[in-house]
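One-based numbering along the sequence shown.
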Amino acid sequence: MSDNSTLVAYLLTDTFNVKQAKAKMYIEEQPYFKVPALYFHLKEDEHTEHDYQRIKEAVESFKGNIEWHFGKAYPSRLNYEIVPKIMWEMDNRYPDKLFKDAVSSELYKEICELAISDIPALYEHMKKSFEEGS
């Protein structure tokens, strides 16, 4: 089994036709370096849109410590992202600021900790969702 930072990336590569993914959602040795997030895109084929929809439904139906968002990564034209919803909301509200700079240091650390603690359960939820949907 992968370490927690790569669980979701390896689930996606095992389940879908992933063309590119940044496998680590966070850096284990530096948990506050960045908010846990996964950026990837699928190879284009006749299943791509349906596969993105399955991923979206799995991510956004997860009930964890925080809410998660799936969608197009800004400003990428290719990549999609799985990120804490609060980060996505703040990025949209303050596009010229990094999330880390848009919130208090206490909230930033709390989001990092909650997101990291969610990853194993998010992985299990997504895996079950994909198994039920295949």
Side-chain angles (χ1 to χ4, degrees):
M1 173 83 63
S2 309
D3 65 64
N4 285 348
S5 70
T6 59
L7 284 173
V8 175
Y10 288 132
L11 173 63
L12 292 177
T13 58
D14 289 346
T15 308
F16 300 104
N17 197 0
V18 174
K19 183 172 184 177
Q20 177 183 356
K22 295 180 180 173
K24 288 188 174 272
M25 291 183 76
Y26 65 97
I27 302 167
E28 298 87 348
E29 301 80 25
Q30 297 176 303
Y32 305 117
F33 181 73
K34 69 178 191 91
V35 175
L38 179 64
Y39 301 94
F40 69 96
H41 67 268
L42 303 178
K43 291 181 185 171
E44 291 290 328
D45 63 24
E46 66 274 8
H47 305 289
T48 305
E49 289 306 314
H50 175 69
D51 291 345
Y52 280 132
Q53 186 61 35
R54 288 178 63 200
I55 296 166
K56 178 180 179 63
E57 289 169 3
V59 169
E60 295 185 355
S61 67
F62 173 66
K63 304 293 185 227
N65 294 310
I66 57 173
E67 291 182 70
W68 289 82
H69 167 79
F70 170 80
K72 279 279 216 178
Y74 177 82
S76 173
R77 294 173 191 229
L78 291 175
N79 288 338
Y80 283 76
E81 63 186 2
I82 297 173
V83 299
K85 188 173 183 179
I86 188 171
M87 185 174 107
W88 176 77
E89 291 170 343
M90 294 299 281
D91 285 349
N92 284 320
R93 191 173 300 148
Y94 304 106
D96 297 332
K97 281 189 169 185
L98 295 174
F99 178 73
K100 191 176 202 173
D101 299 329
V103 298
S104 70
S105 61
E106 294 83 17
L107 179 58
Y108 178 81
K109 285 183 176 182
E110 180 182 5
I111 295 301
C112 288
E113 291 167 1
L114 291 172
I116 289 168
S117 69
D118 263 357
I119 291 171
L122 175 62
Y123 162 82
E124 289 295 335
H125 176 80
M126 292 174 70
K127 182 178 176 185
K128 182 178 178 187
S129 177
F130 299 153
E131 289 169 352
E132 290 172 354
S134 41

Compare every heavy atom of [Y] with every heavy atom of [X], then report the nearest pair and how far apart it is.
X: H69; Y: W88; answer: NE2-NE1, 3.1 Å
X: L7; Y: P120; answer: CD1-CA, 3.9 Å
X: K127; Y: L11; answer: N-CD2, 3.6 Å

* **Ring-ring centroid check Y80 F70, cutoff 6.0 Å** => yes
* To do: Measure from the ring center of Y123 to the ring center of Y10 and say whether it is less than 6.0 Å.
  => no
Do the side chains of [Y] and [X] get nearer than 4.5 Å, heavy atoms only?
X: I82; Y: I55; result: yes
X: V8; Y: M25; result: yes
X: V35; Y: I86; result: no
X: K72; Y: E81; result: no
X: Y26; Y: F33; result: no
X: E106; Y: E110; result: no
X: K24; Y: D3; result: yes
X: L12; Y: M126; result: yes

* T48-D45 side chain donor-acceptor pair, cut-off 3.5 Å -> yes
* Between Q53 and E57, a side-chain donor and acceptor under 3.5 Å -> yes
For [Y], is there any backbone N or O sitting under 3.5 Å from a side-chain donor or acceptor partner on [X]?
X: D118; Y: I66; answer: yes
X: T6; Y: A9; answer: no
X: S61; Y: A58; answer: yes

* Step by step, work out the side chain to side chain contact (heavy atoms under 4.5 Å, CB included) result for K19 and F40. => CA-CA 8 Å; K19 183 172 184 177; F40 69 96; over 6 Å; no
Pairwise distance [atom1]([X]) to [atom2]([Y]) - rounded to 0.5 angstrom:
X: Y108; Y: K34; atom1: OH; atom2: NZ; value: 8.5 Å
X: Y39; Y: L78; atom1: OH; atom2: CG; value: 15.0 Å
X: K22; Y: S5; atom1: NZ; atom2: OG; value: 14.5 Å
X: S129; Y: F62; atom1: OG; atom2: CZ; value: 12.0 Å
X: H41; Y: F16; atom1: NE2; atom2: CZ; value: 15.5 Å
X: H125; Y: F130; atom1: NE2; atom2: CZ; value: 8.5 Å

* Just wondering, more than 12 heavy atoms not from E67 lying within 6.0 Å of its CD? -> no
